[in-house]
Engineer: 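This is the structure I want to talk about, given as structure tokens.
None of these values were measured; they are calculated from a predicted model.
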Amino acid sequence: MTATYIITLKNCAFFARHGVLDEEEFLGQRFFVDAELEVEQGTALVGDCIDDTVHYGIAFAEIERIITGRRRYLIEALALEVAKTLCARFRQVRRAKVSIRKPNAPVPGVLDYVEVTVEHVVE
């Protein structure tokens with residue numbers, strides 16, 4: 001069995017234009033992203049080398065590139081793209097769990113936010 005550890009980027013905020021309604025594309029809104037990455041231990045914990053783990057800055061930039069990139073109608077699809085990209089970008093990542101929160105979802109009532117969580121496992 002291989003040892004793993006978890007790296008979490010919490011509450012990353014981005015302005016984007018995702019959603020089904022035309023108004024969401026026109027006005028845009030803030031989205032909040034959490035990414036939980038299960039990393040295969042390898043030598044990172046003992047070797048203390050950034051090349052053996054996930055570079056937080058690069059992971060953040062990848063998330064930002066996707067979230068602020070092309071419009072998606074569904075945050076489900078957006079979360080899956082983030083999860084798959086992080087797994088592909090970092091060879092040490094075995095699982096990525098990505099949650100996206102949309103505080104200004106167009107619903108007929110009061111709520112804090114709508115959240116979707118997607119998990120991608122490397123096979």
Side-chain angles (χ1 to χ4, degrees):
M1 182 173 180
T2 304
T4 60
Y5 58 96
I6 304 293
I7 293 176
T8 304
L9 286 85
K10 204 69 156 158
N11 219 28
C12 307
F14 307 101
F15 183 84
R17 300 176 183 279
H18 305 290
V20 174
L21 302 177
D22 290 338
E23 293 81 18
E24 292 177 292
E25 181 180 22
F26 178 73
L27 297 173
Q29 59 187 292
R30 287 190 312 162
F31 292 82
F32 297 90
V33 179
D34 297 338
E36 180 180 288
L37 309 175
E38 182 178 327
V39 183
E40 190 173 294
Q41 179 181 332
T43 60
L45 299 179
V46 293
D48 198 28
C49 179
I50 188 68
D51 294 333
D52 294 332
T53 190
V54 174
H55 188 297
Y56 316 144
I58 294 172
F60 184 91
E62 287 290 337
I63 296 167
E64 180 178 38
R65 180 183 61 78
I66 294 165
I67 299 296
T68 62
R70 75 178 179 93
R71 178 186 182 194
R72 293 287 198 153
Y73 292 117
L74 303 177
I75 59 175
E76 292 89 329
L78 193 60
L80 181 60
E81 184 178 351
V82 170
K84 284 183 165 184
T85 298
L86 292 173
C87 286
R89 176 64 178 83
F90 299 100
R91 62 176 163 58
Q92 305 90 336
V93 174
R94 296 292 159 244
R95 179 186 60 84
K97 182 176 175 183
V98 174
S99 298
I100 299 179
R101 287 177 300 289
K102 186 175 182 176
N104 299 109
V107 297
V110 178
L111 63 108
D112 284 340
Y113 53 82
V114 171
E115 180 176 54
V116 170
T117 300
V118 172
E119 189 168 339
H120 177 70
V121 179
V122 175
E123 296 182 19

Engineer: Of the non-hydrogen atoms in Cys87 and Ala96, which two are nearest, and what is the gap between them?
Structural biologist: SG-CB, 3.7 Å
Engineer: Could you walk me through whether Asp34 and Phe32 pass the side-chain contact (heavy atoms from CB on, under 4.5 Å) check?
Structural biologist: CA-CA 7 Å; Asp34 297 338; Phe32 297 90; 6.0 Å; no
Engineer: Within a 6.0 Å radius of atom CZ on Phe26, are there more than 12 heavy atoms belonging to other residues, nucleotides or ligands?
Structural biologist: no
Engineer: With sequence neighbours left out, write down each residue that passes side-chain hydrogen bond (donor to acceptor under 3.5 Å, both in side chains) with Asn11, or none if nothing qualifies.
Structural biologist: Arg101
Engineer: For Glu64, give me all partners under salt bridge (charged side-chain N to carboxylate O under 4.0 Å, His left out), at least two apart in sequence or on another chain.
Structural biologist: none
Engineer: Looking at every heavy atom in both His18 and Ile67, which two are closest together, and how far apart are they?
Structural biologist: NE2-O, 2.6 Å
Engineer: Phe60 and Val93: same hydrophobic cluster, using ILVMFWY side-chain contacts below 4.5 Å?
Structural biologist: yes
Engineer: Measuring only between side-chain heavy atoms, which start at C-beta, is Leu78 closer than 4.5 Å to Ile66?
Structural biologist: yes
Engineer: Can Thr4 and Ile6 be said to form a side-chain contact (heavy atoms from CB on, under 4.5 Å), step by step?
Structural biologist: CA-CA 7 Å; Thr4 60; Ile6 304 293; 5.6 Å; no
Engineer: Can you name the residues that form a salt bridge (charged side-chain N to carboxylate O under 4.0 Å, His left out) with Lys102, not counting sequence neighbours?
Structural biologist: Glu24
Engineer: Answer with yes or no whether the hydrophobic clustering places Tyr5 together with Leu37; edges join I, L, V, M, F, W, Y residues whose side-chain heavy atoms lie under 4.5 Å apart.
Structural biologist: yes
Engineer: Look at atom OH of Tyr56 and say whether more than 12 heavy atoms of other residues, nucleotides or ligands are closer to it than 6.0 Å.
Structural biologist: no
Engineer: Residues two or more places apart in sequence or in another chain: which of them pass salt bridge (charged side-chain N to carboxylate O under 4.0 Å, His left out) with Arg91?
Structural biologist: none
Engineer: Mind listing the closest non-hydrogen atom pair of Leu21 and Arg71 along with its distance?
Structural biologist: O-NH2, 3.1 Å
Engineer: Is the closest side-chain heavy-atom distance between Leu86 and Ile63 below 4.5 Å?
Structural biologist: yes
Engineer: Any idea which heavy atoms bring Gln29 and Ala105 closest together, and the distance?
Structural biologist: OE1-N, 4.0 Å
Engineer: Is the distance between the ring centroids of Tyr113 and Phe31 under 6.0 Å?
Structural biologist: no
Engineer: Below 4.5 Å, heavy atoms only, C-beta onward: do Thr117 and Glu115 meet side chain to side chain?
Structural biologist: yes
Engineer: Please list, chain by chain and in numerical order, all residues satisfying salt bridge (charged side-chain N to carboxylate O under 4.0 Å, His left out) with Arg72, sequence neighbours excluded.
Structural biologist: Glu81
Engineer: If you round to the nearest 0.5 Å, how far is CZ of Arg94 from CD of Glu40?
Structural biologist: 4.5 Å
Engineer: Are Val116 and Ile100 close enough, and set up right, to give a side-chain contact (heavy atoms from CB on, under 4.5 Å), and what steps lead you there?
Structural biologist: CA-CA 5 Å; Val116 170; Ile100 299 179; 5.5 Å; no
Engineer: Check for me, please, whether Leu27 and Phe14 land in the same ILVMFWY cluster - side-chain distances under 4.5 Å, paths through other members count.
Structural biologist: no
Engineer: Rest of the hydrophobic cluster containing Val20 (Ile/Leu/Val/Met/Phe/Trp/Tyr, side-chain heavy atoms under 4.5 Å)?
Structural biologist: Tyr73, Leu74
Engineer: Go through it in stages, so that I can follow the logic: the residues are Lys97 and Glu38, the test is side-chain contact (heavy atoms from CB on, under 4.5 Å), and I'd like the CA-CA distance, side-chain angles, deciding distance and then a yes or no.
Structural biologist: CA-CA 8 Å; Lys97 182 176 175 183; Glu38 182 178 327; over 6 Å; no
Engineer: Are the side chain of His55 and the backbone N or O of Phe90 linked by a donor-acceptor pair below 3.5 Å?
Structural biologist: no
